[in-house]
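The sequence lines fix the lettering, A, B, ..., with proteins before strands; numbering per chain opens at 1.
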Amino acid sequence: MKIYSTMSRKKEELKVISQNKVKLFVCGPTVYHDAHIGHGRTYIFFDVIKRYLKFIGYSVFYIQNITDIDDKIIKKAELSKSEPNDIAKIFEKRYLEDMYLLNVTSVNKYARTTDYIDEIINQIERIMARGFAYETSDGIYFDVKKFKDYGKLSNVDIKELENHREIEEVNKKNPQDFVLWKKRRSSSEPVWDSPWGKGRPGWHIEDTAITEYYFGNQYDIHGGGLDLMFPHHEAEIAQLKAINDKAIVNYWMHTGFLNVSGFKMSKSLNNFVTIRDLLKEVSTQSFRFFVISSHYRSHVEFSKEDIVKCEKALRRIKNFTKILNERNIYENIKPKEDIVYEPLKKCREEFFKGMNDDFNTPVALSAIFSFINDSKKDLIDDKIPMSDIINALIFFDEASIILGIDFNSELDIYKKDSCSEDLLNLINDVRKKLREDKNYELSDEIRDKLHDLGIDIND
RNA sequence: GCCAAGAUAGCUUAGCGGCGAAGCGGUGGACUGCAGAUCCAUUACACGGGAGUUCAAAUCUCUCUCUUGGCUCCA
């Protein structure tokens, strides 16, 4: 199993800290608006990563933080004349709903920042005690000059930054220094007691507090979107090392951007697509397929058309597994016999080779399609041994579990409720009669209009 | 300005030293009253330009052109 590490900028063999165990942390969202499809991409991918590591035998503990106290949340609360905590609660709930809809089910623990205030304060105290942070009139700051490796992960030259950083805080020793604890600035913001008076945590400290609480000083994988590499992950590394020289994160993984109409999603550009809006138009499975049909580190351009293409491709796989299922005349028999059918052997080999090579899902998918192309005729002609029909079904089950896309179920975009289903049956009966009377004109018109409504009928 | 990523058939995406691959699309056919779906067959003048290294380069080096991203909060 090879994983690309941002720190070394190359693929490295996965070596876990304790046998068979992977401690995985991924930066979660700040809950002040609905998650967009870029979040969707990142979290679907880490979902696949977790699923795969688990599949190949690791016991994975996957934590994601939820930032529920932040400037943006406070600002949003002010605008909507509500409490920051209420805003956070609402969007946290909506975020979890979105993840559920995306079939992102592999996170073991969602950790809220405000549940770890004690740990955060304690960590800041230790960072200060070791001389890596200092107090000013408005907060506690990390002294970046004390940590020589600051900038190593993102390959950023600290000196360069001086020219570009906004200097919003005059009391800081250096413009690059980042805040660990913010002292109360206005009466409306939520605060907690601390040795430095009432205040709230800075953004970077929550992750190290949470990871230390659950994982200790060393853990295996830390993931997140590419945009978090600097300064967020640099800050985390600095904090970790400030607490403990031996602290280490072995693999830093970053997902590439999902851009819309050539640009990164932003509200000002009005190219902001939320997960819930997208799922009104395309199925979860199609979107997941879209996400995994490119490599997680590459930059991807979002387009509805491409998701439609993915939906068609996905349907091809489903049609194939449908035939496989029909051929499986022995129910409940799962012989773990060796595979003799060559295309299936090749398919498995390629699939796992791809996944083992830094989670190369496009290769894995390609292996599936090659298998379908190579074997479809044999399947229809009944030339595949029954044991391998079953082995193929087992393979598709495994692939479904790993990728979080059920290849064995029919693609169904439209949620059926009993009423609309009855109604559709009624319309179909009417059309059937019309066709029997050779009144094609009217029956076709109904079909066309249903199509416009997004309902396709197969005669 | 500094730091990155990228340019592969009509479109999307892999490959990253030795038959250019997958999906979508296109074309022909089967099925159908027709369309779609499905199936079968088939297709393609695709590795941004130019040098170099090598027996061999899409793949390595240099260079040019272009695109995108980061350097402020950001998955």
Taking OP1 and OP2 of [N], is either one under 4.0 Å from a side-chain nitrogen or oxygen of [X]?
{"X": "A:N360", "N": "B:rA14", "answer": "no"}
{"X": "A:K376", "N": "B:rC39", "answer": "yes"}
{"X": "A:K312", "N": "B:rG25", "answer": "yes"}
{"X": "A:N319", "N": "B:rU38", "answer": "yes"}
{"X": "A:S294", "N": "B:rG23", "answer": "no"}
{"X": "A:R315", "N": "B:rG23", "answer": "no"}
{"X": "A:N373", "N": "B:rG23", "answer": "yes"}

Whole angstrom value for the distance that separates [atom2] of [N] from [atom1] of [X]:
{"X": "A:H204", "N": "B:rU72", "atom1": "NE2", "atom2": "C1'", "result": "11 Å"}
{"X": "A:N356", "N": "B:rG15", "atom1": "CG", "atom2": "P", "result": "15 Å"}
{"X": "A:H232", "N": "B:rU72", "atom1": "NE2", "atom2": "P", "result": "16 Å"}
{"X": "A:F359", "N": "B:rG15", "atom1": "CZ", "atom2": "C1'", "result": "19 Å"}
{"X": "A:H299", "N": "B:rG70", "atom1": "NE2", "atom2": "C1'", "result": "9 Å"}
{"X": "A:F230", "N": "B:rA4", "atom1": "CZ", "atom2": "C1'", "result": "14 Å"}
{"X": "A:R297", "N": "B:rA4", "atom1": "CZ", "atom2": "C1'", "result": "13 Å"}
{"X": "A:D227", "N": "B:rC73", "atom1": "CG", "atom2": "C1'", "result": "10 Å"}

So which nucleotide does [N] pair with, by the Watson-Crick or G-U wobble rule with both distances under 3.5 Å?
{"N": "B:rA51", "value": "B:rU61"}
{"N": "B:rC31", "value": "none"}
{"N": "B:rA56", "value": "none"}
{"N": "B:rC71", "value": "B:rG1"}

Checklist entry - Tell me, do A:V291 and A:F287 make a side-chain contact under 4.5 Å, heavy atoms counted? => result yes
- Message: Could you check whether A:K182 pairs with A:E189 (Lys NZ or Arg NE/NH1/NH2 to Asp/Glu carboxylate O, under 4.0 Å)?
- Response: no
Under 3.5 Å side-chain donor-acceptor pair for [X] and [Y]:
{"X": "A:D207", "Y": "A:H222", "answer": "no"}
{"X": "A:Y116", "Y": "A:N65", "answer": "no"}
{"X": "A:Y341", "Y": "A:D378", "answer": "yes"}

Exercise for the section: Look at all strands and tell whether A:K377 reaches a base, only sugar-phosphate, or nothing, counting heavy atoms closer than 4.0 Å. Expected result: sugar-phosphate
Check your understanding: Which part of the nucleic acid, if any, lies within reach of A:H36 when heavy atoms closer than 4.0 Å are counted: base, sugar-phosphate only, or nothing?
Key -> base
Out of [options], which has the shortest distance to the side chain of [X]?
{"X": "A:H295", "options": "B:rC11, B:rA14, B:rG70", "answer": "B:rA14"}
{"X": "A:Y440", "options": "B:rG33, B:rU68, B:rU13", "answer": "B:rG33"}
{"X": "A:P362", "options": "B:rU13, B:rG23, B:rA41", "answer": "B:rU13"}
{"X": "A:R447", "options": "B:rG70, B:rC34, B:rC24", "answer": "B:rC34"}

RNA chain B nearest-nucleotide lookup for A:S154 and A:I380: closer to the 5′ end is A:S154
For this session: Kindly say whether the aromatic ring centers of A:H39 and A:Y95 come within a distance under 6.0 Å.
Result: no
